[in-house]
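One structure is given below, encoded as structure tokens.
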Amino acid sequence: MYKKIKILIITRSFYPDLSPRSFRATELAKEFYRQGHEVTLMAPEKKGIESFLTEYPIVFKSLGNLKWKIFNFKSFGILGRLYNKAVNRLLSLLFEYPNMEIFFKVRKALKKENDQYDLLISIAVPYPIHWGVASIWSKKHRKVAKVWVADCGDPYCLQENDTFRPPFYFQWVEKWFMRKATYITVPTLNSINGYFPEFHSKIQIIPQGFKFEEVRKRPEIMDGIVRFGYGGGFIPGRRDPKEFIQFLVQLPVERRFEFHVYTHTPQYILPYIQNDPRILIHNPKDRLEFLYTISGFQFVVNFSNKGTVQTPSKLIDYGIINKPILNIETGNLDKEAVVEFLNGNYRKSLKVECLENYRIENVCRKFLSLADASK
């Protein structure tokens, strides 16, 4: 049993945001509070956070509203859209704009911080959160915490799932902050390969964690229609639904199924639906509501990332509700597996191993052990 300590969590995404990084920060804050630790959250201003703070009265220190915006000239037609795509992509790639705003906000807030914490956990993405902490982390001056853990959900310089990697000069920035961090945490063993070898000795594996008991499940719908679902975003050429959708819509109309997609990037699926009523697109749902909905389906779908260093956290959720997982690999569609799943044969289901590792109680215990080990 660990003694009660003071913990500071710095994040951009938090409840009620719907993203893996939001779930990471939110679940950690909830469980640390449940265990009796003194928890402080530092994040941009959040609409809707009040209900969370009522149930979990942690200390919330606002970083203020994020004001830097991407340019939008959509009203100028095709040229405007092309400008948006080119300029905003370049600004993000070359200068981390608009994410660099949070670097200055974190730096300013930490310079004013008077409390001394036992454990500081900064959560990326975006990586400028880590850079903001590094900018005030110095041996010559008082540190805001005894231990700093830089939590990295996805790699930065060595990432595999974007069209372009960051320019070479960001390698200096990444190495600069990693030299300062006490520990670097990543979600899986394979994730280690997404970071520079000289920092592997600092890396600890701490997976995404959830409170299993919060997940409600409903009975499976048995009306002769095969239902399956996916929740999340798409990446063209990486986590790409094109092949899968094109295969589904060419199946005979007598094949009764419904593929429910909950996504904020429907533009990567709409062109291939061909008005097929069996493909249904929905807005993203709250995580627990989404899991309750798909728990009544026959199976779920995962679009795998390129490479091995990034593992979708939704696989943990799929494991919690104990549903067969049809894994779709971009550029290598297993049509036989798709047909087998539609026929109720799940022999090729993707397995989620060691599910107990993803209990939030066990995840928090690993973070606490890092604070304890550094004494």
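Below, each value reflects all heavy atoms present in this structure, side chains not excepted, and no hydrogens, waters or symmetry copies.
When every heavy atom of G132 is checked against every heavy atom of L110, the shortest pair comes out as O-CD1, 4.5 Å. The minimum heavy-atom distance between P187 and C152, with the atom names listed, is CD-O, 3.4 Å. A pairwise comparison of heavy atoms in P207 and K366 identifies CD-NZ, 4.1 Å as the closest pair. Among all heavy-atom pairs drawn from Y230 and G232, the shortest one is CE2-O, 3.4 Å.
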(request) Please lay out, stage by stage, how F259 and V226 fare under the test side-chain contact (heavy atoms from CB on, under 4.5 Å). (result) CA-CA 8 Å; F259 180 33; V226 178; over 6 Å; no
(request) Start with the C-alpha gap between E55 and K30, add the side-chain angles, then the distance that decides, and say whether salt bridge (Lys or Arg N to Asp or Glu O under 4.0 Å) holds. (result) CA-CA 9 Å; E55 186 174 357; K30 286 163 60 176; over 6 Å; no
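Taking the centre and axis of the six-membered ring of F196, the NZ or CZ atom of K175 falls inside the cone set by 45° and 6.0 Å.
Among pairs with a residue in residues 327-364, those fulfilling ring-ring contact (aromatic ring centres under 6.0 Å, His included) read F299-F341, F341-Y346, at least two apart in sequence or across chains.
Taking the ring centroids of F297 and F228, they lie at or beyond the 6.0 Å cut-off. Residues F52 and F60 keep their aromatic ring centres 6.0 Å or farther apart.
In this model, a donor atom of one side chain and an acceptor atom of the other lie less than 3.5 Å apart for S62 and E45.
Applying the salt bridge (charged side-chain N to carboxylate O under 4.0 Å, His left out) test to E243 and every residue at least two apart in sequence or in another chain returns nothing. Take I281 and apply the side chain to side chain contact (heavy atoms under 4.5 Å, CB included) test, not counting sequence neighbours, and it matches T263, P266, I269, L270, I273. The salt bridge (charged side-chain N to carboxylate O under 4.0 Å, His left out) check on R227 picks up D223, E258, with sequence neighbours excluded. Partners of A109 under the side chain to side chain contact (heavy atoms under 4.5 Å, CB included) rule, at least two apart in sequence or in another chain, are M42, L63. For F367, there are no ring pair (Phe, Tyr, Trp, His ring centres under 6.0 Å) partners, not counting sequence neighbours.
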